[in-house]
Structures are given as structure tokens and as C-alpha cells.
Amino acid sequence: MKEAFQRKVSVRGSQKFSDIVVKEPVRVAAGVLGVKEALRHSFKEMGVVRSMTALLDMNQQEGFSCPSCAWPDPEKPSKIAEYCENGAKALADEATTATIDAAFFKKHSVEELSQLSDYELNTFGRLVEPMILRPGSVHYEPIAWSEAYSVIAHQLKALNSPDEAIFYTSGRSCNEAAFLYGMFIRAFGTNNMPDCSNMCHESSGVALSETLGIGKGSVKLEDLYDAEVVIVAGQNPGTNHPRMLAALAKCKENGGKVISINPLEESGLVTFKNPQHVEGWVGKGVAITDLHLPVRINQDIPLMKLILKKLATLDALQNDIFDHEFIKDYVDGYEALIADLKTYDENELLAQCGVAVDQVNTAVRLLAKKSKIVVCWAMGLTQHKNGVANIQEYVNLLLLKGALGKPNAGTCPVRGHSNVQGDRSVGIMHFVDEALNKRIEKYLGFTPPSKEGYDTVGAMKAMYEDDAKFFMCLGGNFLMAASDTEYTAKAIENCDLTVQISTKLNRSHLVTGKTALMLPTYGRSEKDIKAGKLRRITVENSMGQVRKSRGLLKPIADTIKSEPDIISELAHTFFEGKHSVDWQALGADYELIREKIDLVIKGFENTEERAKGAGYYLPNNVRELDFSKLPNGKAQLTINKTPKHELKSDEYMLMTIRSHDQFNTTIYGLDDRYRGVYNERRVLFMNAEDMETLHLKKLDVVDITSTYDGVERKAYKFKVIPYAIPKGDLAAYFPETNVLVPYNHFADKSKTPISKSIKVRIHKV
């Protein structure tokens with residue numbers, strides 16, 4: 001029997017070291033150096049004229065939304081520069097003038113390309129024509145758009161069940177594309193819609209839905225300006241959401257205090273120079289953090305319990321620390337929570353969280369008489385076994401202080417990709433919403449499936465076990481974003497067909513199913529014109545505000561298509577024009593899509609008009625103090641257990657982090673100047689005392705292993721760097737260390753991977 005053809009592709013890419021340089025971390029965020037780096041990267045990729053044209057339009061009310069993070073725009077954006085260094089890099093990355101076409105793929109096989117690093121793959125440029133990788137071949141070749149749609153439709157019709165198909169969504173997609181995608185998937189017959197939220201903020205959605213009745217944050221941007229205390233927990237704004245620093249600086253100028261809670265003291269939260277102001281160029285900058293609490297990895301619950309316990313002791317004496325009137329009217333579970341806090345020993349909590357007692361006491365003093373409190377967080381809280389409980393413990397603080405449903409107070413989960421929240425709002429979800437299904441049936445004329453679909457973890461397992469044979473991605477780099485890289489690669493390779501709708505080359509185009517398609521699409525900054533009409537999309541920012549966005553750059557090629565065009569033509573091809581939905585009409589006219597969104601999606605209303613300019617906010621029950629859908633009609637205090645990791649004597653706790661030269665899995669460069677690392681990514685940040693215990697010196701080379709359920713996973717060749725991190729804790733960049741994260745270990749309830757608390761061992765090479 002003839003052995004099946006198998007491509008020899010590298011899942012991990014190049015593991016060669018560059019000439020690493022280690023310096024002292026840069027302690028000032030943004031400023032002149034940030035502007036210089038932003039322009040250097042932009043000019044290199046786009047040229048001066050194209051760069052300045054786009055940069056001056058980005059995040060303006062009549063311009064286009066940044067393709068990077070989901071941080072909101074001010075009501076009155078700066079006319080000079082309403083973007084950050086990473087936003088400029090993201091723009092330059094998608095609007096680069098470099099392109100790769102059929103000639104490139106004829107010259108370079110997927111086997112050859114897979115040997116390169118993720119950074120090297122990203123440097124090649126934009127995809128400009130649809131390509132297919134056929135069974136038995138190692139070279140992509142061009143394919144007509146119509147034939148590409150037919151290949152997909154044929155494969156979908158050949159499946160034994162619609163549930164053998166999986167459709168992934170990245171947070172970069174606009175509301176119109178995500179809505180069409182989700183409705184087509186349901187019309188096809190499945191709810192298999194994993195998305196990037198599953199891997200990042202799903203814990204936030206679950207935690208907030210259970211306690212406050214909505215899976216989104218409650219604050220608006222302006223709430224941060226006059227907050228009395230802002231807690232930034234498990235988050236690195238200086239690298240991941242730099243425009244947030246401007247809001248924190250305004251808070252400080254107005255007398256507010258900032259508490260950062262993170263194993264690493266990130267440079268962006270030390271000093272910030274706002275390049276929009278003269279002081280940002282010639283002044284000393286604004287000292288952002290008033291108090292940094294260097295909590296051990298995933299020990300936020302012991303820390304918060306200790307703070308709450310001390311506040312409760314003060315309240316018992318003074319009766320004015322907690323907002324008892326607010327608690328009486330809006331909160332359930334007060335007596336049970338206070339009783340639970342009494343069962344914990346303060347010294348044990350102190351030892352577990354690793355924070356010095358005087359720092360904890362300072363935090364208590366800052367919080368005691370304040371009620372305008374905002375808690376911001378990111379994946380440092382969500383990507384743990386107890387990620388949901390982490391967030392709910394912080395919500396306990398806000399509820400006890402009455403810091404919800406009023407100006408300058410509330411929850412602020414800081415989402416990553418630019419429209420990840422919008423994707424979920426318009427229907428990208430694997431679970432079943434019966435009310436949504438009824439509206440789909442009423443307004444779109446078909447009956448959607450009622451069976452829950454696969455989330456990311458379920459999708460990986462289904463493909464690995466041959467229960468799914470088709471995998472399509474609307475943006476993203478699924479292979480490198482998901483946990484357990486080797487397992488995920490094998491899962492993808494089991495598929496008969498994989499489809500990527502993308503702007504640039506990444507490893508998910510090289511580790512594929514037996515047949516693979518690459519379908520090139522517009523970037524956020526490019527003009528989307530059809531029948532002579534400039535079309536506008538909408539996106540939702542991290543605070544629930546929907547606004548229009550339109551590109552202004554000439555598309556990089558005439559052969560690429562918009563995401564709504566691709567999805568609508570695919571749906572039309574699959575249904576052969578015989579369906580209750582006129583897919584082609586929707587793909588051609590985004591105003592028609594928005595009309596359908598208004599009818600089908602809860603909270604959207606008159607979007608065509610209301611999304612102009614600054615846009616409009618979707619309904620938020622927390623802002624209205626409406627908890628009627630929760631038990632007893634009240635917000636819920638929760639009793640959360642402290643985490644028990646039970647590390648063996650030779651084990652350490654590893655968290656994955658981003659460098660300053662990346663956004664999600666996209667690697668813009670090899671520098672991380674805020675941490676003092678240049679020209680290398682394969683590094684391991686480690687406490688100096690731990691290094692001494694293991695007889696390791698600076699830049700020694702080690703392998704890192706994790707062992708779960710008897711399976712050992714290994715990340716090869718990392719250079720050790722001494723760093724200010726709690727003893728027993730480690731940090732390294734993803735996606736290089738995603739290989740260590742077991743696919744079957746994830747957060748309770750949300751199933752978010754444990755990427756921020758991996759038990760590992762270190763082996764000197």
C-alpha cells in the first residue's frame with residue numbers, strides 16, 4: 001500500500017540565535033524614542049508620503065480605526081497623532097508596499113519557508129492573489145477566485161455532517177464581515193465558531209456575566225480621567241495598549257492614584273512621556289505608578305483576599321470603608337463573603353502572594369476611603385486554571401466599595417485585537433443563544449442549529465481525533481496563537497482542507513491540511529470601493545463603542561478582495577444562489593449588512609447613522625445598575641478559593657509575555673527595549689537568586705520542559721537573563737513557549753489556556 005504523502009514542514013521554525021544585546025531596561029515609555037521608532041518602522045515599510053497620509057488619518061473620527069489593539073479613541077482625537085508606537089507598527093505592517101505573488105511561491109516551497117522564524121515570514125510582505133496548495137505538492141500555485149470558492153463549497157458539501165467543519169475568527173475582522181461569517185456558518189448548519197476570545201478574554205466574559213450580568217467592561221474612556229484609584233492588574237499597557245498611558249497620565253494630573261499588580265514591574269507603568277504634548281518631548285514625563293505590587297504568578301486571589309480582609313477589619317471599626325447602602329440595594333452575598341474572609345490567616349495570604357506587608361498596607365490605605373475605583377486587567381488574570389475566579393475576586397472589591405454604575409468607577413477588561421469584542425457582539429460564538437436564534441429565523445429566514453459548537457480547545461481536539469476535516473480562518477495565525485503547538489499542528493494537518501483569509505504570510509499557511517487555500521484580503525487602511533462607492537465598516541472598541549471606519553490608501557493590488565466580499569461570494573457559491581438570504585447583495589452593500597445587524601443583534605440600533613463620528617455605545621446594564629437578570633436581581637459577590645499549584649522542588653512557574661516588537665503573534669522586530677533585550681526572542685527572564693541556585697550565568701543556554709499527565713513538552717535553547725521577577729517565577733515570549741502549554745489544561749468554565757501559569761523545569765544545555 002502506498003504511503004500517504006506528508007510534507008516535511010517545521011512547526012517551530014528557525015531556532016538559531018541572533019547576536020543578542022542586553023542593556024538596562026528603558027524606564028520611560030513613548031516620548032521622543034517612541035516617535036522615532038514608530039516613524040522609522042513606518043517609513044521603512046510604506047515610504048514617507050504613504051506613512052504620513054495614513055498615520056494622520058488613523059483613529060480620527062472620519063478616518064480608519066487602528067488595526068492593532070481595541071483601546072478606545074477620545075471624543076475629540078488629537079489631530080496630530082492619535083496613535084501609539086505599536087499602532088504605527090501595525091499599520092506599517094499591513095500597509096507595507098512589499099508583496100509576494102505566485103512567482104514567490106513557485107520559487108519557495110512551504111517546506112523551505114517553514115524553516116524560517118515567524119519574524120522572517122512576516123517580513124516578506126502582503127499576499128496579493130489567491131493561492132492553492134494541492135495534495136502531494138509543496139508549492140502554492142495561483143487559483144481563480146471563482147475556483148477557490150468552488151473548492152471550499154465542494155469540500156463542505158462532501159462532509160458527513162456540518163459539524164465536521166470548523167470556522168475560526170480573529171479579532172481583526174470588522175462587524176460586517178464577522179456578522180456575515182457567523183450567519184453563513186449557521187446557515188451551513190453548525191455552531192463550530194471558535195475565536196480568539198477563547199484564548200484570551202473568555203475568562204473575563206464568564207466572570208463578568210456571572211457577577212454583573214454582562215461579559216464586557218462597564219467604564220468609558222473618560223471614566224479613567226477622574227478616577228481616584230486605577231488598579232492595573234496582569235497587564236502591560238506600555239507595550240500592549242500604549243494609548244492607555246495617556247488616560248492614566250490624565251488620571252494622575254487630576255490627583256488620582258495608580259496601583260500596578262504584576263510579577264514584572266513594566267517600564268511603561270513607571271514613566272510616560274506623551275508625544276502629543278510639548279512636555280512629552282522636553283519634560284521629565286509623568287510618573288504613572290504610585291504603588292507597584294510584585295505579586296507572584298497567579299497569586300492575585302491571595303493578595304486581594306488579604307486587602308479585602310484588612311479593609312473589612314477597618315470597616316468593622318469605622319463602618320465607612322465599604323458602601324453599605326450600595327451593598328444593601330444592589331449586591332448579594334455580603335455576609336457569606338465576610339464570613340469566608342475571616343477563615344483566612346493574614347500571614348499565610350501574605351506568604352502566598354509574595355508581596356511585602358508594608359506594600360499591602362499602602363494599598364489598603366489608598367483604597368480605604370476611595371469609591372471612584374477602576375480595575376483594568378488583561379491576560380495576566382485570564383490565562384490561568386482559576387482565571388474566572390481571579391477576575392471575580394477583583395469584582396468583589398468594586399462591589400464592596402460601591403465602585404460600579406457611576407462615573408469614574410468600574411470594570412475595564414482591556415481587550416487585545418481591534419475588534420475582538422465586536423466579533424462576539426455580532427454573533428461569533430460557539431454557544432447557543434436561543435433569543436438570537438429566534439431573531440435569525442424571523443429576519444433572515446432560516447433555522448440556525450441548536451447544538452453547541454466547538455470552542456478553540458474543542459476544535460483542536462476534534463481535528464486531532466479526525467472528527468473534523470475542514471478548517472477555515474477569518475484572519476489570525478491559529479497555529480501560533482493556540483496552546484500546545486505540536487498538538488495543534490498535527491490537528492491541522494489531519495484536515496482535508498484548510499482555508500486562510502489573510503493579509504500576510506504566517507506559519508498557519510505552511511502547516512496545513514492536505515489541500516490549503518490562501519485568500520488575500522484588504523487591510524484596515526485600504527480603500528474598499530465597489531461600483532464606484534467607498535464602503536465603510538464598523539468596529540467595536542474595548543469599551544463597547546461602535547463607530548465607522550474607512551480606509552484611504554490605494555489597495556496594494558487589484559486582485560485582493562474585502563472580507564465581506566469573500567464571505568458573501570462563498571455563501572452564494574455554496575447555496576448556488578438558492579437561499580433565504582441574498583448573500584451577494586449583502587456583500588456588495590455594507591449598509592444592508594448593518595440593517596440586518598440592527599434587526600438580528602441585540603443592542604444595535606440605527607447603526608448606519610449612529611456609528612458616524614464618535615459612534616455610539618451599546619447598552620450596558622452595569623452602567624444602569626440593572627442586575628435584574630441575576631439571582632435575586634442583584635450583582636453577585638463570589639467566594640473564590642486560593643490557587644494550589646503544588647510545585648515540585650525543581651519546578652518553576654512560567655508565564656508567557658509579549659515583547660515590545662510584537663502584537664499578538666505578529667513579530668515586527670527582535671527588540672524589547674523596555675526590558676533591555678535586543679536582537680533576540682529566545683530568552684528566559686529569571687530571578688538572579690534562582691539562577692545562582694541552578695548555577696546559571698547570564699546568557700547561559702537552557703531547554704525548558706513542562707510535564708502534564710505524563711507527557712513531556714520541550715522548548716529548546718533559550719538564553720537566561722537575570723531580571724526583577726519574584727523567586728520561583730519565570731517569563732518568556734510567546735508564541736515560542738506556547739509549545740509548553742498543554743491543550744487539555746485550561747481555565748475552569750472559560751477553557752482559556754493556562755499560558756500564564758505553566759509548571760516547568762529548566763535544563764542547562
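The basis for the numbers below is simple: all heavy atoms, side chains too, and nothing from hydrogens, waters or symmetry mates. Here the structure is a predicted model, which is why all the values come from computation and not from measurement.
Within the cation-pi definition used here (under 6.0 Å to the ring centroid, within 45° of the axis), Arg682 does not qualify as a partner of Phe17.
Side-chain atoms of Asp195 never come within 3.5 Å of backbone atoms of Gly171 as a donor-acceptor pair (strictly under, hydrogens ignored). A side-chain donor-acceptor contact under 3.5 Å links Asn541 to the backbone of Met543. Using modelled atom types, no side-chain atom of Gln61 and backbone atom of Asp73 make a donor-acceptor pair closer than 3.5 Å. The backbone N or O of Ser150 lies less than 3.5 Å from no partner atom in the side chain of Thr573, so there is not a single donor-acceptor pair. Here the side chain of Ser542 pairs a donor or acceptor atom with the backbone of Arg415 at under 3.5 angstrom. Between the side chain of Asn59 and the main chain of Ser65, no donor-acceptor pair closer than 3.5 Å is present. Side chain of Asp661 to backbone of Tyr668: no donor-acceptor contact under 3.5 angstrom is found. With hydrogens and angles disregarded, no donor-acceptor distance shorter than 3.5 Å links the side chain of Ser114 to the backbone of Arg507. Remark: the backbone N or O of Arg172 is paired with a side-chain donor or acceptor of Arg524 at under 3.5 angstrom. Looking only at distances, a side-chain donor or acceptor of Ser51 sits under 3.5 Å from a matching main-chain atom of Ser42.
Expressed to the nearest 0.5 Å, how far OG of Ser508 lies from CZ of Phe471 amounts to 7.5 Å. Note: Met131 CE to Lys106 NZ = 11.0 Å, rounded to the nearest 0.5 Å. In this structure, His139 NE2 and Leu113 CG are separated by 9.0 Å, a value rounded to the nearest 0.5 Å. Note that OG of Ser109 and CG of Leu510 are 9.0 Å apart. Values are rounded to the nearest 0.5 Å. Expressed to the nearest 0.5 Å, how far CD1 of Ile143 lies from OH of Tyr149 amounts to 11.0 Å. Between the CD1 atom of Ile721 and the CG atom of Asp672 there is a distance of 9.0 Å, given to the nearest 0.5 Å.
Taking the six-membered ring for Trp and thresholds of 30 and 60 degrees, Tyr674 and His660 have ring planes inclined between 30 and 60 degrees apart.
The salt bridge (charged side-chain N to carboxylate O under 4.0 Å, His left out) test with Glu591 singles out one residue from Lys533, Arg536, Lys530, and that residue is Lys533. Only one option out of Met193, Glu563, Met472 pairs with Tyr181 in a side chain to side chain contact (heavy atoms under 4.5 Å, CB included); it is Met472. Checking Leu91, Thr53, Asp93 one by one against Met46, the side chain to side chain contact (heavy atoms under 4.5 Å, CB included) holds for a single residue, Leu91.
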TODO: For salt bridge (charged side-chain N to carboxylate O under 4.0 Å, His left out), just list the numbers for Glu62 and Lys548, CA-CA rounded to whole Å, side-chain angles, deciding distance to a tenth of an Å, and then say yes or no.
DONE: CA-CA 8 Å; Glu62 298 303 320; Lys548 285 187 176 180; over 6 Å; no
Chi angles and distances behind the side-chain contact (heavy atoms from CB on, under 4.5 Å) call for Leu505, Phe105: CA-CA 11 Å; Leu505 184 67; Phe105 289 105; 4.2 Å; yes
Check against side-chain contact (heavy atoms from CB on, under 4.5 Å), Thr456 and Phe478: CA-CA 9 Å; Thr456 294; Phe478 185 84; 3.9 Å; yes
Determine, step by step, whether Asn506 and Met480 satisfy the side-chain contact (heavy atoms from CB on, under 4.5 Å) criterion, reporting the C-alpha distance in whole Å, the side-chain angles of both residues, the deciding distance to 0.1 Å, and the verdict. CA-CA 9 Å; Asn506 63 52; Met480 304 314 292; over 6 Å; no
Handout entry: Test side-chain contact (heavy atoms from CB on, under 4.5 Å) applied to Trp583 and Ile567, step by step
Key = CA-CA 8 Å; Trp583 299 100; Ile567 297 161; 5.8 Å; no
Would you give me the side-chain donor-acceptor pairs under 3.5 Å for residues 512-519, sequence neighbours excluded?
unit_1	atom_1	unit_2	atom_2	d
Thr512	OG1	Arg7	NH1	3.4
Lys514	NZ	Asn494	O	3.3

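Residues Glu176 and Arg594 are paired through a salt bridge, judged by an N-O separation under 4.0 Å between the basic side chain and the carboxylate. With salt bridges taken as basic N to acidic carboxylate O contacts below 4.0 Å, one links Glu486 and Arg12. Note on Glu736 versus Arg681: salt bridge recorded, some NZ/NE/NH1/NH2 to OD/OE distance being below 4.0 Å.
Residues Phe167 and Ile428 have side chains not in contact (no heavy-atom distance under 4.5 Å, counting atoms from C-beta outward). Counting heavy atoms from C-beta on, the side chains of Gln584 and Ser568 never come closer than 4.5 Å. The closest side-chain heavy-atom distance from Phe685 to Phe718 is not below 4.5 Å. No side-chain heavy atom of Tyr522 sits under 4.5 Å from any side-chain heavy atom of Lys561. Side-chain contact between Asn679 and Ile20: absent, with no pair of heavy atoms (C-beta onward) separated by less than 4.5 Å. Put simply, the side chain of Ser170 reaches to within 4.5 Å of the side chain of His417, judged on heavy atoms. Proximity of Asp118 to Thr665: side-chain heavy atoms (C-beta onward) are nowhere separated by under 4.5 Å. Contact check for Asn419 versus Glu540: side-chain heavy atoms found under the 4.5 Å cut-off.
Nearest heavy atom pair, residue Ile560 against residue Pro555, reads CD1-CB, 4.3 Å. A pairwise comparison of heavy atoms in Ala482 and Met199 identifies CA-SD, 3.5 Å as the closest pair. Among all heavy-atom pairs drawn from Val511 and Ser10, the shortest one is CG2-O, 4.2 Å. A pairwise comparison of heavy atoms in Cys473 and Gln500 identifies CB-OE1, 3.4 Å as the closest pair. Of all non-hydrogen atoms in Asp528 and Tyr590, the two that sit nearest each other are OD2-OH, 2.5 Å. Scanning all heavy atoms of the two residues, the minimum distance from Met244 to Cys376 falls at CE-SG, 3.6 Å.
Residues Asn175 and Thr538 bring a donor and an acceptor atom of their side chains to less than 3.5 Å of each other.
The 12-atom threshold is exceeded at CD of Glu112, counting heavy atoms of other residues, nucleotides or ligands nearer than 6.0 Å.
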